[in-house]
Amino acid sequence: MINEQSLIIRNKEDDATDTQKIIQVNFFDDVDAVDVRKTKWLLNKYTDLIDVIKNYEYSLQQLENGMAAYDLLSAEGSVAKRVSGQELTADVTANAVLLKDQRHVNYKFYEFLTNNIKFSINNIRDKHEGLIAKLLFLDGMKYLKAQQYLEKGYRKDIPGISATTFADKRRKAIESIAKSLKVNRTLDFVTIDYGRGRNKEGEIGLRMPEVN
């Protein structure tokens, strides 16, 4: 039985091999292994970023609904005060105010990232590569399921392809996306930290844009 450590090592070796193949077929000298690694990481974070965006938008909607209810309560309170002579108060929580002030920059940043990813994928010219990128990265479909989807040719306008061709098309799709994300400076916001306490591969994360 393959233990967990062996599986992790194998996955890292497969990923390194995959990245090397992308570089070998790359026609653009300005895209290197680091760019491809950043691109893969960002693509794998796409659905998480979309979830954050949707949650924030939902929270804003609830905040707006809450403020509408607060305004209504204030109006009713004024009437009640005139009738009873007693002051009625309603309080808006600090969290609701902070939500709008502190998270909006993150929200706009995540919108910028996800819009650029979608633009890069939607502009892939090869139909197979474009569909593969959409299924794997935008829709978050598992590799095997997406491969079977392409193999069986469910889309009438896109002929079925073998598992080997699928893997090759996926690498070319990532190559295309990497170049696009580098050209529009999206990859500038993806960092790899090799500082003390990090593993030798470094830890990947996002660098928030500076706000004046």
Side-chain angles (χ1 to χ4, degrees), residues 1-58 110-184 186-187 189-190 201 204 206:
M1 176 178 290
I2 300 176
N3 58 41
E4 183 176 352
Q5 184 176 5
S6 298
L7 185 58
I8 293 174
I9 293 174
R10 177 180 294 178
N11 287 339
K12 288 182 177 180
E13 291 175 347
D14 291 343
D15 189 61
T17 301
D18 187 57
T19 298
Q20 185 58 36
K21 288 182 179 179
I22 292 173
I23 298 302
Q24 288 173 351
V25 299
N26 183 22
F27 297 106
F28 306 100
D29 295 335
D30 58 335
V31 177
D32 56 23
V34 173
D35 297 323
V36 173
R37 184 183 175 196
K38 287 181 177 181
T39 299
K40 286 183 175 181
W41 181 86
L42 198 54
L43 289 173
N44 288 330
K45 291 293 180 182
Y46 176 84
T47 54
D48 293 333
L49 294 175
I50 289 296
D51 286 343
V52 173
I53 290 172
K54 289 181 177 179
N55 287 334
Y56 178 79
E57 291 174 344
Y58 175 78
Y110 292 163
E111 263 198 333
F112 162 80
L113 293 176
T114 53
N115 284 340
N116 283 355
I117 292 172
K118 283 188 291 186
F119 175 84
S120 300
I121 291 176
N122 289 335
N123 279 274
I124 295 176
R125 293 184 179 181
D126 185 280
K127 289 186 177 181
H128 288 103
E129 294 171 19
L131 179 57
I132 289 170
K134 178 183 181 300
L135 293 176
L136 291 177
F137 307 123
L138 299 188
D139 298 344
M141 186 179 291
K142 297 297 183 182
Y143 183 97
L144 182 59
K145 186 175 181 180
Q147 183 264 307
Q148 292 174 341
Y149 183 93
L150 268 293
E151 186 175 32
K152 294 179 179 179
Y154 286 120
R155 284 275 299 269
K156 293 182 179 180
D157 58 325
I158 302 179
I161 56 176
S162 67
T164 303
T165 303
F166 178 92
D168 183 56
K169 292 285 188 180
R170 172 184 167 276
R171 284 192 289 267
K172 289 181 178 179
I174 295 174
E175 170 200 343
S176 175
I177 297 167
K179 182 180 186 303
S180 179
L181 294 181
K182 184 159 188 175
V183 169
N184 63 29
T186 303
L187 294 184
F189 297 102
V190 183
E201 290 85 9
I204 306 182
L206 290 173

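Applying salt bridge (charged side-chain N to carboxylate O under 4.0 Å, His left out) to Asp35 and the options Lys40, Lys182, Lys179 leaves one that passes, Lys182.
Side-chain contact between Thr39 and Val31 is absent, with no heavy-atom pair separated by less than 4.5 Å. Under the 4.5 Å side-chain criterion, counting only non-hydrogen atoms from C-beta, Phe137 is in contact with Asn44. Here the side chains of Tyr110 and Leu206 are in contact, with some heavy-atom distance below 4.5 Å. Inter-residue side-chain proximity for Pro159 and His128 is flagged as met; some heavy-atom pair is nearer than 4.5 Å. Residues Asp168 and Thr164 form no side-chain contact, since every pair of their non-hydrogen atoms from C-beta on lies 4.5 Å or further apart.
In this structure, the separation between CD1 on Ile177 and CG on Asn116 is 12.0 Å, given to the nearest 0.5 Å. Interatomic distance, Leu131 CG to Ile121 CD1, rounded to the nearest 0.5 Å: 11.0 Å. Within the model, atoms CD1 of Ile132 and CD1 of Ile124 stand 9.0 Å from one another, a figure rounded to the nearest 0.5 Å. Atom CG of residue Leu138 and atom OH of residue Tyr46 lie 5.0 Å apart, to the nearest 0.5 angstrom. Atom CG of Leu49 and atom CD1 of Ile117 lie 6.5 Å apart (nearest 0.5 Å). Atom NZ of Lys172 sits about 13.0 Å away from atom CD1 of Ile174, to the nearest 0.5 Å.
A search for side-chain contact (heavy atoms from CB on, under 4.5 Å) contacts involving Lys127 returns Ile158, not counting sequence neighbours. Remark: Phe119 pairs with no residue by the ring-ring contact (aromatic ring centres under 6.0 Å, His included) rule, at least two apart or across chains.
At distances below 3.5 Å, at least one donor-acceptor pair connects side-chain atoms of Thr114 with backbone N or O atoms of Glu111.
The minimum heavy-atom distance linking Leu187 with Ala178 is given by the pair CD1-O, 3.8 Å.
For an aromatic pair to be called close, the ring centres must be under 6.0 Å apart, and Tyr143 with Phe166 satisfies this.
Look at Asp126 and Lys169 and you find a salt bridge, because one of the NZ, NE, NH1 or NH2 atoms lies within 4.0 Å of a carboxylate O, short of that distance.
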Item to check | Candidate pair Phe112 and Thr186, rule side chain to side chain contact (heavy atoms under 4.5 Å, CB included), full reasoning | outcome: CA-CA 9 Å; Phe112 162 80; Thr186 303; 4.3 Å; yes
Next on the checklist: Let's go through Asp139 and Lys134 carefully: what are the C-alpha distance in whole Å and the side-chain angles of both, what is the deciding distance for side chain to side chain contact (heavy atoms under 4.5 Å, CB included) to 0.1 Å, and is it a yes or a no?
Outcome noted: CA-CA 6 Å; Asp139 298 344; Lys134 178 183 181 300; 2.9 Å; yes
Compile the donor-acceptor pairs under 3.5 Å between side chains in residues 144-151 and protein atoms, sequence neighbours left out, one pair per line.
from: Gln147; atom 1: NE2; to: Glu151; atom 2: OE1; distance (Å): 3.2

